[in-house]
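Report on one structure; see the data block that follows.
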Amino acid sequence: MPDSPSDAAAGASADAEVDAPVQPSAGDAAPAKQNDAPVMLNVAGAAPEIVMESGESGEEMNLHLGEFAGPLDLLLYLIRQEQVDIYDIPIARITEVYLSHVRAMRELDVSAASEFLVMAAQLIEIKSRMLLPPDPTAAGEEDQEDPRRELVDRLLEHQKFKAAASMLWSRATVEQAVFGRAPIETDKSNPEVAVGVFDLLRVFQEILARKKEEVMMEIERDEVTMTEMLERLRNMIMSAGELNLRHFFERAGNRRELVLAFLSVLELVRTTEVRLFQRETFGEIVLRVVS
Amino acid sequence: MEVDAAEETERDVVVIHDADAEDRAEERSVGDESAGDGAGLDGEVAPGGDARSMAELMSVIEALVFVSEEPLTAKTLAEVLGEERGWVEVAAQELAKEFNERNGGLMMREVAGGWQIATRVEYHEQVRAYLKSRPSAKLSLAALETLAVIAYKQPVTVPEILEIRGVQSSSAIKTLLEKRLIVAKGRKEVVGRPMLYGTSKEFLLQFGLRDLSELPNIEDFEDLAGGSS
Amino acid sequence: MEVDAAEETERDVVVIHDADAEDRAEERSVGDESAGDGAGLDGEVAPGGDARSMAELMSVIEALVFVSEEPLTAKTLAEVLGEERGWVEVAAQELAKEFNERNGGLMMREVAGGWQIATRVEYHEQVRAYLKSRPSAKLSLAALETLAVIAYKQPVTVPEILEIRGVQSSSAIKTLLEKRLIVAKGRKEVVGRPMLYGTSKEFLLQFGLRDLSELPNIEDFEDLAGGSS
């Protein structure tokens with residue numbers, strides 16, 4: 001179903017800077033080394049969300065992070081895969097598998113979203129709370145809350161929306177099999193303002209951007225003088241020893257600059273600082289420093 | 001939507017007036033329904049003084065629904081035809097039924113709050129082959145999930161969506177805005193006054209929904225969800 | 001494809017012999033008997049190896065003619081459907097006849113050598129009335145840009161809009177005034193006392209805003225844009 005994993009993947013990378021801190025340490029296997037080629041993921045009978053791609057050698061694997069629409073999604077997948085009861089999650093085991101997946105993602109150079117790491121931290125926290133003996137001071141009160149409770153609630157809620165998403169997907173599929181009539185003449189005088197407030201904002205920003213560009217060009221036009229143009233040409237040619245004339249002219253932002261550029265070339269030739277070369281008839285003209 | 005006075009009064013009056021008429025019309029349509037069955041309709045005369053027969057009303061509705069670029073509401077039909085809305089609704093229903101029974105290449109259905117004539121699903125292969133069209137790109141999983149959250153929780157803010165999905169959803173929201181499936185619905189009166197989002201008419205259209213109430217109850221997904229794990 | 005006589009009996013044309021359909025058609029017919037009756041078609045069958053019945057062929061033709069932008073020729077129909085052209089022509093004629101007998105809001109007619117579905121002439125008055133009643137046309141890009149500037153910079157004068165947009169905006173302003181999306185808001189006390197413009201209540205209404213503070217600002221946009229980088 002997911003045609004463009006870019007959404008989630010993009011959302012993920014946005015927070016990539018924050019991505020460092022949580023280094024899972026408690027009770028998991030030694031972190032795999034960085035360039036350890038094929039990362040083995042335990043995805044036998046891969047879920048539709050996971051795409052395995054074999055490379056030239058047949059060893060490469062690719063996990064499309066984007067297909068897991070988030071840490072809750074990944075967790076749900078793992079719970080299903082491990083065939084555990086969502087109401088009684090063996091938290092240590094699931095944490096372990098979860099962490100290995102997140103590690104795998106990072107090794108596969110998928111910049112794991114901070115959300116995946118936040119979830120990792122939460123899992124570890126729940127795990128450690130489950131290891132604590134029951135608080136004696138709280139005895140007598142109603143049963144102490146299961147540390148997993150909040151997570152389970154979120155997972156169940158998330159699952160509902162996942163189901164809703166797939167309902168929407170099938171609806172859209174059916175709807176794509178229904179066609180309206182072809183456009184007819186009278187459509188041209190079309191109804192209502194078909195734009196929303198965000199269109200206004202977008203258009204406004206485009207205008208501002210356009211204006212900024214214009215202003216910058218104006219400033220340049222006003223400021224570039226013959227002296228500056230000569231300076232620019234000298235710098236360019238001195239650093240390389242020679243300069244393709246076409247490249248120099250292409251840098252001119254407008255007609256006036258082009259004229260100045262031309263004049264400054266003539267000026268340098270006149271003062272015999274440079275000479276013009278042409279390697280072949282009708283070939284590129286090259287400026288070279290006179291040694 | 002709130003409107004305050006001034007230049008909009010004229011338009012406003014019309015709307016308020018209509019709302020009343022709608023109520024009356026709806027009452028009436030309930031009563032009419034039993035009578036409005038089968039072939040006997042042809043001879044009936046629409047109420048409201050107009051001498052248009054039911055068959056005539058159905059025909060003119062067919063023409064207008066065809067011409068309209070968007071699904072045509074019973075309200076607009078009633079206004080244009082100068083008929084009572086309830087009566088128009090009966091006629092539209094009857095027309096849709098006729099389409100259905102004819103079982104031809106077309107259907108008439110209610111979508112996004114209005115009536116629409118469209119091709120029947122059965123012929124999508126041939127239609128697609130003729131138009132050389134491909135099914136348009138589907139939404140990504142992330143965008144679909146975000147859309148589901150917005151559809152069921154609207155109006156909803158970005159932080160609230162994050163809370164439910166457990167993942168940043170801003171790029172999905174941007175995609176949905178670009179595809180016009182969602183729209184801004186004002187701001188929430190909390191710190192920072194975040195924008196509220198809701199689904200659009202385009203959403204109803206693209207997902208073939210008459211209105212939001214046609215969405216299955218979100219709680220109904222629970223059993224399903226629980227069962228699969 | 002060739003007519004295969006051996007299969008004739010099995011593929012009789014259901015629709016043509018549908019007594020109910022004929023009755024219904026007659027009831028509504030305007031006395032257009034000469035338009036052709038089914039008699040000549042008796043015994044005809046779909047040729048070739050395709051098992052499509054006449055009724056099915058008519059339905060799929062109806063769907064294709066409906067979605068086609070141009071009048072659809074029998075030749076094209078035959079190609080798309082992989083049916084024999086003569087057979088397609090019979091089916092299209094029959095479908096047109098059915099439309100005619102139904103005497104509804106639509107007709108199917110042959111124009112410029114192809115088939116087309118259109119509204120029936122009798123209803124053109126109402127169709128025109130409907131088209132006229134529709135809200136005025138979409139905003140042009142120029143008008144949209146001008147509206148955006150006015151929305152975000154209001155109250156603002158024409159020279160100021162020119163300054164920001166870099167293009168003359170007077171005709172766009174006229175359009176926006178006509179659509180009542182903007183209103184004059186007094187004069188600016190500078191040389192020439194130019195008129196100041198701002199958005200109207202109609203603007204808020206059309207964009208679903210309670211007040212101007214609900215307009216999204218740059219930060220809202222950046223929140224979303226951030227996700228895609």
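Chain letters run A, B, ... following the sequence lines, proteins first and then strands; every chain starts at 1.
In the displayed structure, B/Glu189 atom CD is contacted under 6.0 Å by more than 12 heavy atoms of other residues, nucleotides or ligands. For C/Glu125, the CD atom sits in a loose shell: 12 or fewer heavy atoms of surrounding residues, nucleotides or ligands are nearer than 6.0 Å.
Contacts with chain C (heavy atom to heavy atom, under 4.5 Å) involve these residues of residues 106-119 of chain B, listed by number: B/Leu106, B/Ile117, B/Ala118, B/Thr119. Along residues 67-75 of chain C, the residues that come nearer than 4.5 angstrom to chain B, judged on non-hydrogen atoms, are C/Val67, C/Ser68, C/Leu72 in order of number.
Here B/Gln206 contributes atom CD and B/Thr199 contributes atom OG1; the two are 12.0 Å apart, rounded to the nearest 0.5 Å.
Although no hydrogens or angles enter the test, the distance criterion places a donor-acceptor pair under 3.5 Å between the side chain of C/Ser140 and the main chain of C/Ala143. Listed for the B/Arg187 side chain is a donor-acceptor partner under 3.5 Å among the backbone atoms of B/Arg193. A donor-acceptor pair is defined here as one N or O able to donate and one able to accept, closer than 3.5 Å; such a pair exists between the side chain of C/Glu214 and the backbone of C/Arg210. In terms of modelled atom types and a separation under 3.5 Å, the side chain of B/Gln154 and the main chain of B/Gly198 share no donor-acceptor contact. Panel note: side chain C/Ser200, backbone C/Leu181; a donor-acceptor pair is recorded below 3.5 Å. No donor-acceptor pair under 3.5 Å is formed between the side chain of C/Arg120 and the backbone N or O of B/Ser59.
Contacts of B/Lys188 classified as salt bridge (charged side-chain N to carboxylate O under 4.0 Å, His left out), with partners at least two apart in sequence or in another chain: B/Glu160. Legend: residues meeting ring-ring contact (aromatic ring centres under 6.0 Å, His included) with C/Phe99, ordered by chain and number and at least two apart, are absent.
With a 4.5 Å cut-off on non-hydrogen atoms, C/Tyr130 touches chain B through its backbone and its side chain both. If you measure heavy-atom distances from C/Ser213 to chain B, the contacts under 4.5 Å come from both the backbone and the side chain.
Put simply, of C/Leu64, C/Leu77, C/Val65, the one with the most heavy-atom pairs under 4.5 Å next to chain B is C/Leu64. Looking only at heavy-atom pairs under 4.5 Å with chain B, the residue among C/Val60, C/Val127, C/Val80 that has the most is C/Val60.
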